[in-house]
Amino acid sequence: MPTPFHVFLDVDGGGWHPAAWRRSRVSPDAVFSPARLKEFAVTAQAQGLTGLTFEDSTLPDPRNPRGHLDAVQRAAFLAGTTDTIGLLPVAATTYSEPFHVAAQIASLDHSSAGRAGWIATTSTPAVARTVNLPVLDDPQAELTDVVGAVRRLWDSWEDDAVVRDVATGRYVDRDRLHHVDVVATNFSVKGPLTVPRPPQGQPVVAAHERDLLDPGVVDVVLTGSERTRRSAGGPLVVLEVEFALDTAAASGAQRVEALDADAPAPARGRLRWTGSGEGFARYLSGLAGSVDGVRLHAAVLDEDLRTLLRTTFPALRVARLLQPPAAGATLRTTLGRPRPVNHFATA
């Protein structure tokens, strides 16, 4: 049996390039349409991908001139139209309320039957001005505090807290709900949560290594470096790759050059790859065994996804690297991560 290799696809807007919307097959106001989002999700699931990711920001995004939809809401929309693929929205920790983040991701896990993940990110100082809050001195420490608080809130309900006892009129066993009182440097939060414990116990938490003081607080580390390796017993390592593939009209490099002429792309801490779909499959195959998976960002989703479907994904299946999640499996099970024990239940 080959070593598991997990492929995630980001389906945000027109693609990773700021000018992607100009090459999209739909008008800018339809880039976030439900039908388009569902089409990408159903296609990705049929190809056997591990998960979909959804970027988010409170700032205007040049890639999406008609606005931006909340990442958690987009993931929640797809919970009912997919049944095996993981759903991992971005939710920033710097200026978000931990209680709200915990409730949103727990709700997503319930609605998707255990397929939810959370990509925790820090925010830039510019975001502080949009929410009228002071700039944080240490957003990485804030992320650590928020993730810890969210995990405690998820554990504030024991797995069997909901009893639904009609005879006695009890919905919950109050002894299995636990008080949470977290006081951090920049916030305080109390529980229990308003949502029962998620099906996974705790949904999968991912974060980029640049945002982490302690990788041990997450289940998946996102990285832009091929040199990052998984430590024994540590979180999975997933390489961030933004790519542009050759088409009949132009090479991948030429496509990026043309896109840059419209709007230069900023560096985002990801590895960038250009070339043929077959060459991309060989590159990804070479990563297996070094990292646990990849998170793919297409330059232009409408163009690059067609090439992935025609050349790259079939080659990965032949190499037995693209293996679909099992029916009924949670995202944790697919990733080989154990279900966390509720720390209140063992206290």
Side-chain angles (χ1 to χ4, degrees), residues 51 72-73 75-76 78-80 82-84 86-89 91 93 96-120 142-207 214 216-220 233 235-236 325-347:
V72 177
Q73 292 182 14
L78 294 175
T82 57
D83 52 25
T84 59
L87 304 169
L88 299 89
T93 61
S96 301
E97 291 290 344
F99 192 96
H100 295 164
V101 172
Q104 287 180 316
I105 302 300
S107 297
L108 177 62
D109 205 44
H110 281 286
S111 63
S112 65
R115 292 180 289 121
W118 167 34
I119 301 177
E142 181 82 348
L143 184 145
T144 300
D145 290 342
V146 171
V147 170
V150 167
R151 289 191 185 277
R152 291 184 69 83
L153 287 166
W154 285 335
D155 278 356
S156 63
W157 293 60
E158 293 186 33
D159 289 321
D160 52 359
V162 178
V163 294
R164 297 186 180 91
D165 190 332
V166 176
T168 62
R170 290 190 309 153
Y171 175 70
V172 298
D173 182 344
R174 294 177 62 181
D175 292 334
R176 296 172 185 170
L177 266 63
H178 300 279
H179 181 69
V180 173
D181 189 358
V182 176
V183 179
T185 303
N186 299 299
F187 70 86
S188 62
V189 63
K190 294 182 182 292
L193 198 61
T194 52
V195 181
R197 195 172 194 233
Q200 296 182 93
Q202 295 180 9
V204 172
V205 181
D214 175 14
V217 304
V218 298
D219 303 291
V220 177
L236 303 183
T330 67
L331 181 57
R332 278 191 168 275
T333 300
T334 298
L335 295 177
R337 305 297 290 176
R339 191 178 193 277
V341 174
N342 188 314
H343 78 274
F344 285 110
T346 59

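The structure displayed is predicted, hence computed values, not measured ones.
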Just by modelled atom types, is the [Y] backbone N or O under 3.5 Å from a matching donor or acceptor in the [X] side chain?
X	Y	value
H110	P196	yes
T93	A120	no
R151	V217	yes
R332	P338	yes
Q202	P340	no
T334	T330	yes
R176	V163	no
W118	P203	no

- [ ] Grab the two heavy atoms, one from P235 and one from V218, that are nearest each other, plus how far apart they are.
- [x]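 Result for this residue pair: CB-O, 3.5 Å.
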To the nearest 0.5 Å, what is the distance between [atom1] on [X] and [atom2] on [Y]?
X	Y	atom1	atom2	result
L236	L335	CG	CG	5.5 Å
S111	L78	OG	CG	10.0 Å
F99	L153	CZ	CG	6.5 Å
D155	N342	CG	CG	4.0 Å
L193	I105	CG	CD1	11.5 Å
T84	R115	OG1	CZ	7.0 Å

Task: Validation row: Q200, L331 side chains within 4.5 angstrom (heavy atoms) - done: yes
TODO: Could you note down all residue pairs passing side-chain hydrogen bond (donor to acceptor under 3.5 Å, both in side chains) where residues 99-108 supplies at least one of them, sequence neighbours left out?
DONE: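 Applying side-chain hydrogen bond (donor to acceptor under 3.5 Å, both in side chains) to every pair that reaches into residues 99-108, excluding sequence neighbours, yields nothing.
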- [ ] Test D109 against W154 for side chain to side chain contact (heavy atoms under 4.5 Å, CB included), laying out the working first.
- [x] CA-CA 11 Å; D109 205 44; W154 285 335; over 6 Å; no
Open item on the list: For D181, give me all partners under salt bridge (charged side-chain N to carboxylate O under 4.0 Å, His left out), at least two apart in sequence or on another chain.
Closed with: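 With neighbours one apart ignored, the set is K190.
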Open item on the list: Tell me whether D175 is salt-bridged to R170, with the criterion being a basic N under 4.0 Å from an acidic carboxylate O.
Closed with: no
Open item on the list: Under a 3.5 Å cutoff, is there a donor and acceptor pairing between the side chains of H343 and R152?
Closed with: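 Yes.
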